[in-house]
Enquirer: 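Once you've had a glance at the structure underneath, I'll fire off some questions.
Each ligand, and each atom within it, is numbered from 1 in the order the structure gives.
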Amino acid sequence: SSLPTSTVLDPLFLYIDEHQNEFVQRLGEWVAVKSDSSHRVHWGDIHRILNMTADRIKEMGGQVEFADIGTQQLSDGESLARPPVLLAQFERDPNKPTLCIYGHVDVQPAKKEDGWATDPYTLTELNGNLYGRGATDNKGPVLAWLHAVETYRATKQEVPVNLKFIIEGLEEIGSDGLDELTRQRNESFFSDVDYIVISDNVWVSRKPALTYGTRGSSYFFVEVEGPKLDLHSGVFGGSVHEPMTDMIALLGSLLDHTGKILVPGINESVAPLTEEEKKLYKDIHFDIEEMKKAIEVKSFLQDNKEEILMARWRYPSLSIHGIEGAFSDSGSKTVIPRRVIGKFSIRQVPNMEPSVVERQVKEHLQEVFAKQKSPNSLKVTTSVSAKPWVANLNDPLYIAGRKAVKLVFGEEPELIREGSTIPIANNFQEVTGKRVMMLPIGGHDDGEHSQNEKISRYNFIQGTKLFAAFFYELSKLQKDQ
Ligand SMILES: NCC(=O)N[C@@H](Cc1c[nH]cn1)C(=O)O
Ligand SMILES: [Zn+2]
Ligand SMILES: [Zn+2]
């Protein structure tokens, strides 16, 4: 509309402020659903949260479809039907641009005994923060989008863009099946989409941000199998090749104490740093001391802000996550585990190619294992295989994002990248050819994947306003062109 901005947005912002307790309550209902995708026992809860999402969309007049995405091969050898992907759309006006919003409603695992201060599945408000698994990753932001739509409807204003939603339940384990669905629906669901926006990451400081890059990821399982049963270390220690000893040699060969990946070929494929790119890091707000305090570490692997951010965003990293089968309870069991599975992942950046990285890692591990001269068996498998994503910052989508941030937060957004992975981001951009932007609302200290994950009430509510303002700015973009 040609109405002044404040005439359109003020009633929306007022509604959001006045209904914030309902919005928080709804987030509580969503957080209470244990939709942890890492284990099949919780997949029923993924179906439940997808149904709850569909119900909200239907209540607001949207049409929903549950798209089948096949079966998942599980680590125990069985296969299981994947929870479907929720595709939704609202009434279409050919004169409006079409925005497709992607999000996920599955979560990382969480147990109170991992060290949470509150029950992870009971949303708990403390000092302005809403604690609970999925509060920021990614139930809070998905709900904020839906609340932005609700706000337009409740204040009797037309949503100024056509809206589509893609909501999935397997993001945290790599979004398997969604790439294929994207290809299948490229000529149908995606054909009239102009823009794709994702809000599944966090700011890097107290300043709001727009995100133009994410790292890719490959996840590795290294299995070493030896004796038929676990053995007594007093009887067999010193006379058998222990699977765990092989495992330590394998995992210990992957990176050095500076964080440098030692797998041959990996670092050589990283895109060189240009002077222009280097400049982008200078003005980013990132307080090293505050971050050290927040996560209680004495130092980082790098010494200055630019190097820390580059290590997070534009260089690869390798993290070792765990060893399945290793004795990990408290106490002092004197066992030789018969079979152990090491788990690690490599975050990837332009111009790395996951399939090449996976081959390089397998060859490296086989070489190290051969030197062990062990009779045990080695098996290396992979999952996730997600490419990095980088957008063009000059895309008009970023102009609308900038304006919306300015309207709600009164300041320019920081232009940032993200160290974590949205597996489908690159796929959306490459397969559909549509413009993709990330518009985060989570705070820099939200602790995604950690104990005590949270989103602040401020970010959740201002984030809802940001999304409402973004619809408006996106529609103006088209008219101004
Ligand atoms: N908020 C995005 C996110 O946390 N994504 C996961 C995706 C992933 C990568 N490997 C397995 N899952 C992440 O860990 O980055
Ligand atoms: Zn996420
Ligand atoms: Zn996540």
Enquirer: Please confirm whether Trp145 and Tyr102 have ring centers closer than 6.0 angstrom.
Expert: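 Ring centroids of Trp145 and Tyr102 are no less than 6.0 Å from each other.
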Enquirer: Looking at Glu418 and Arg312, is there a salt bridge between them, counting it only when a charged N and a carboxylate O are closer than 4.0 Å?
Expert: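 Result for this pair is no, no salt bridge flagged.
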Enquirer: Closest heavy-atom contact between Gly169 and Ile46?
Expert: O-CD1, 3.2 Å
Enquirer: Output the set of protein residues with a heavy-atom contact under 4.0 Å to ligand 1, ordered first by chain identifier and then by residue number.
Expert: Asp137, Glu171, Glu172, Asp200, Ser217, Arg347, Val384, Ser420, Thr421, Ile422, Glu448, His449
Enquirer: Assess the pair Phe221 and Tyr219: is the distance between their ring centroids shorter than 6.0 Å?
Expert: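 Under 6.0 Å, so yes.
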Enquirer: Thinking salt bridges, do Glu411 and Lys406 make one under a 4.0 Å N-O criterion?
Expert: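 Salt bridge absent between Glu411 and Lys406.
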Enquirer: For Gln451, is there any backbone N or O sitting under 3.5 Å from a side-chain donor or acceptor partner on Arg133?
Expert: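 Not confirmed, Arg133 side chain does not pair with Gln451 backbone.
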Enquirer: Give every protein N, O or S atom lying under 2.8 Å from the Zn ion (ligand 2), naming each by residue and atom.
Expert: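 His104 NE2, Asp137 OD1, Asp200 OD1, Asp200 OD2, with waters left out.
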Enquirer: Return all side-chain donor-acceptor pairs below 3.5 angstrom for residues 387-394, not counting sequence neighbours, or 'none' if the list is empty.
Expert:
from: Trp389; atom 1: NE1; to: Gln429; atom 2: OE1; distance (Å): 2.6
from: Asn392; atom 1: OD1; to: Asn394; atom 2: N; distance (Å): 2.9

Enquirer: Which atom name does His449 have for its N/O/S atom nearest to the Zn ion (ligand 3)?
Expert: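 Distance check against the Zn ion (ligand 3) picks out NE2 in His449.
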Enquirer: Would you confirm whether Asn129, through its side chain, and Tyr131, through its main-chain N or O, come within 3.5 Å as a donor-acceptor pair?
Expert: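 No: the side chain of Asn129 does not pair with the backbone of Tyr131.
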Enquirer: Return yes when atom CD of Glu296 has more than 12 non-hydrogen atoms of other residues, nucleotides or ligands closer than 6.0 Å, and no otherwise.
Expert: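 Check fails, neighbour count at 12 or below.
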Enquirer: Scan for ring pair (Phe, Tyr, Trp, His ring centres under 6.0 Å) pairs involving residues 164-184, sequence neighbours excluded, and state none if there are none.
Expert: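 For residues 164-184: none.
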